[in-house]
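Okay, so here's the structure we're looking at.
Just so it is clear, the model here is predicted, and its values are computed rather than measured.
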Amino acid sequence: MRLFWPCVILVLATGLVYINSFPGAFHFDDFPQLLENPRINGSAFSYSSFLEQYGGRPLTLWTFYWNNQWFGQNPSSYHLVSVLCHLLVVVEIFLLIWQLFGQRALAFGSALLFAIHPLNTQAVNYIWSRSVLLMAVFGLAALLLARRHPWAGLICLQLAIWSRTEAVILLLPLIFLNRSRWKGPLSVTLLNTAAFAYSLLKYAPREIAWTHPDPWVYWIFQPIAFLKFSLLMIWPTGLNLDHDLVSPDPWSLLLASLFFLSLLMLALRFRKSYPIPTLGIFWMMAMLLPTLLVPNSDALNESRAYLSLAGFTLTASWVLCHFLARRPVTLKLAAVALSLLLFMPLTMARNETWKDDFALWQDTVLKSPAKARAHYNLGVALAVQGKNRQSEVEFQRARDLHPEDHLSWAALAYCAEVQDNLKRARTLFQQALRLKPENEYARGGLERVQRRLSRQREKEL
């Protein structure tokens, strides 16, 4: 019972802070990767992907497949799974910290802050980020089982990796928790890493690892990205679906690198005197390591900080518990209430933004006005609402910011077609195809427009 009621309170607090996030909505990658993915909406799931496509998150796709089979393309059902996963992670964090240190206040404070922290809103509200949540659910389960049930822990580690490949980093805490059983986690990690490398060689997904167009530029950005992640953990304002990291000047890069190195040196220096906050810092850094080292399409993505945030909340909770150790109970309750009052409104406000695709991309454009992708997706959201004139303005801005983007040219062609400006639509579709011959939407649009122009000429004759 000592652990039951804290878990109940954590579940209620998490449910309360995300109650306004329903029914949820589909956004961005949800459309091509989920709603239009034949592996998810097909008649049967290809189980061979569990052995072949490690970079494709087979367990995550399997859950999406059954989500689609049972509930169709109803966003609320997908979003409910995300919230339930977040609830499980919150409880697992509480149990893991209790198991490690036996301090209920520390465990409760860490889990509560993690539950309501606004930085987690992208991972919970963005349906395609389910891979992050599943990785956390199974990864933390592996850590909880590592000492007493190591074989069950290995199974959970494999499930975490099948959810999202970055889970291989959990090898480090698994060995830390059970040093005598290091061979099993190491074998699983090496086998999965080799399979992932094979998958990248065979399927060559875009902008991942060595397929990234400019890995050196990506790595140069990473000290800035780590600093940005850290600042968002401390004070999560300016949350953004598509952060615009401009090319860093030498001084900014130097300061960000010094921040990272200083934090690492402090953790190493005080690891024996203050083991709990040191562990929190090491966890925060380690869980971001795959993102920082393996190039991908985005230099900074808020959902990738999901597991890393648990290290920050552990450190923050320890500081609070240490400061309030001999203070009256009323002061401790006041500190908890203040944390709730600070973060819950921010989280709930962010949930409201995520509930509507137009509101989300409008918010993104306001915060990242120089990102062509943000303007393009705002244009799509406006087009869905039937606001074609306004959507055309956004597509033009996207094209001006990124003239080589075939999607913007195809979108402008669609706007011209809707306005019955068929010759302009033909020209724009042709330009989109010159930039990307594989653009099937542009190809279909061009054929459609050419048929309409042919009928017009026939009528004129």
Parallel, tilted or perpendicular: which describes the rings of Tyr78 and Phe64, with under 30° parallel and over 60° perpendicular?
tilted
Under the rule for side chain to side chain donor-acceptor pair (under 3.5 Å), what residues qualify as partners of Asn377, not counting sequence neighbours?
none
Is there a donor-acceptor pair closer than 3.5 Å between any side-chain N or O of Tyr18 and the backbone N or O of Val124?
no
Can you name the side-chain contact (heavy atoms from CB on, under 4.5 Å) partners of Leu177, sequence neighbours left out?
Leu100, Leu143, Ala146, Arg147
Distance-only side-chain donor-acceptor flag, Ser21 / His79, under 3.5 Å
yes
Check against salt bridge (Lys or Arg N to Asp or Glu O under 4.0 Å), Asp30 and Arg130
CA-CA 11 Å; Asp30 293 340; Arg130 183 184 292 184; over 6 Å; no
Is Phe429 close to Tyr441 at the side-chain level, that is, under 4.5 Å between some pair of heavy atoms?
yes
Distance, nearest 0.5 Å, that separates CG of Leu134 from OG of Ser82
8.0 Å
Side chains of Tyr414 and Asn388 in contact at under 4.5 Å (non-hydrogen atoms)
yes
Work out which heavy atom in Pro185 is nearest to a heavy atom in Leu154; give both atom names and the distance.
N-CD2, 3.4 Å
All salt bridge (charged side-chain N to carboxylate O under 4.0 Å, His left out) counterparts of Lys387, not counting sequence neighbours:
none
ring-ring contact (aromatic ring centres under 6.0 Å, His included): which pairs involve residues 129-157, sequence neighbours left out?
none
Given Phe282 and Leu172, is the side chain to side chain contact (heavy atoms under 4.5 Å, CB included) satisfied, shown in steps?
CA-CA 10 Å; Phe282 281 146; Leu172 300 177; over 6 Å; no
Between CG on residue Leu84 and OG1 on residue Thr14, distance to nearest 0.5 Å:
11.0 Å
Pairwise distance OG1(Thr313) to CG(Leu119) - rounded to 0.5 angstrom:
11.0 Å
Under the side chain to side chain donor-acceptor pair (under 3.5 Å) rule, collect the residues that match up with Ser163, sequence neighbours excluded.
none
Test the Arg399-Trp409 pair against the cation-pi criterion, namely NZ or CZ under 6.0 angstrom from the six-membered ring centroid and within 45° of the ring axis.
yes
For Arg148, side-chain contact (heavy atoms from CB on, under 4.5 Å) partners two or more places apart
none
Would you check if Asp357 and Val384 make a side-chain contact, meaning some heavy-atom pair closer than 4.5 Å?
no
Could you go through the side chain to side chain contact (heavy atoms under 4.5 Å, CB included) check for Val89 and Phe114 one step at a time?
CA-CA 9 Å; Val89 171; Phe114 182 87; 3.6 Å; yes
Quick one, Phe101 and Leu279 - any side-chain contact, counting heavy atoms below 4.5 Å?
yes
Please check: side-chain N/O of Arg443 versus main-chain N/O of Pro437, any donor-acceptor pairing under 3.5 Å?
yes
Quick check: does any side chain N or O of Gln222 sit under 3.5 Å from a backbone N or O of Leu293, one acting as donor and the other as acceptor?
no
So, using side chain to side chain donor-acceptor pair (under 3.5 Å) as the criterion, who are the partners of Glu394 when residues are at least two apart?
His375, Arg397
Side chain Thr347, main chain Ile116, donor-acceptor under 3.5 Å:
yes
Is the shortest heavy-atom distance from the side chain of Cys7 to the side chain of Phe94 under 4.5 Å?
yes
Under 3.5 Å side-chain donor-acceptor pair for Asn192 and Thr165:
no
If you look only at pairs with a residue in residues 86-100, which of them pass as a side-chain hydrogen bond (donor to acceptor under 3.5 Å, both in side chains), with sequence neighbours excluded?
His86-Tyr306
Residues Glu417, Arg448; criterion salt bridge (Lys or Arg N to Asp or Glu O under 4.0 Å); working and verdict
CA-CA 10 Å; Glu417 182 184 1; Arg448 187 172 60 249; 2.6 Å; yes
Strictly below 4.0 Å, N to O, side chains only: are Arg350 and Asp363 in salt-bridge contact?
yes
Side-chain heavy atoms of Thr60 within contact of Arg164, under 4.5 Å:
no
Output the distance between atom CG (Leu133) and atom OG1 (Thr63), rounded to the nearest 0.5 Å.
10.0 Å
Side chains of Asn41 and Tyr65: closer than 4.5 Å at any heavy-atom pair?
no
Output yes when a side-chain donor or acceptor of Trp361 lies under 3.5 Å from a complementary backbone atom of Leu241, and no otherwise.
no
Across all chains, not counting sequence neighbours, the ring pair (Phe, Tyr, Trp, His ring centres under 6.0 Å) partners of His406 are none
Checking Lys228 now: which residues fulfil side-chain contact (heavy atoms from CB on, under 4.5 Å) with it, not counting sequence neighbours?
Leu232, His243, Leu300
So, the side chain of Asp298 versus the backbone of Asn301: is there a donor-acceptor pair under 3.5 Å, distance only?
no
Give a yes-or-no answer on whether the side chains of Gln419 and Glu392 include a donor-acceptor pair shorter than 3.5 Å.
yes
Could you tell me which residues satisfy side chain to side chain donor-acceptor pair (under 3.5 Å) with Gln33, sequence neighbours excluded, listed by chain and number?
none
Does Ser368 reach the main-chain N or O of Asp242 with its side chain, forming a donor-acceptor pair under 3.5 Å?
yes
Quick one: pull up CG in Leu140 and CE in Met135 and give me the separation to the nearest 0.5 Å.
9.0 Å
Could you tell me if Asp405 and Ser408 have a donor-acceptor pair between their side chains, going purely by distance under 3.5 Å?
yes
Under 4.5 Å between any side-chain heavy atoms of Phe260 and Leu227, yes or no?
no
So for atom CZ, which belongs to Phe176, do other residues, nucleotides or ligands contribute more than 12 heavy atoms lying within a distance under 6.0 Å?
no
Who are the salt bridge (charged side-chain N to carboxylate O under 4.0 Å, His left out) partners of Glu352, not counting sequence neighbours?
Lys355
Go through Ser308 and Phe229 one step at a time and tell me if the side chain to side chain contact (heavy atoms under 4.5 Å, CB included) criterion holds.
CA-CA 9 Å; Ser308 175; Phe229 277 130; over 6 Å; no
Take the angle between the ring planes of Trp354 and His27 and call it parallel below 30°, perpendicular above 60°, tilted in between.
perpendicular
For Leu87 and Gly15 the tightest heavy-atom approach is CD2-N, 4.1 Å
If we ignore angles and hydrogens, is there a donor and acceptor under 3.5 Å between the side chains of Tyr218 and Asn296?
yes
Evaluate Ser317 against Leu113 for side chain to side chain contact (heavy atoms under 4.5 Å, CB included), listing each step before the verdict.
CA-CA 8 Å; Ser317 180; Leu113 183 56; 6.0 Å; no
Can you classify the ring geometry of Tyr47 versus Phe45 as parallel (below 30°), tilted (30 to 60°) or perpendicular (above 60°)?
perpendicular
Got a second to check how far Leu346's CG is from His117's NE2, nearest 0.5 Å?
9.5 Å
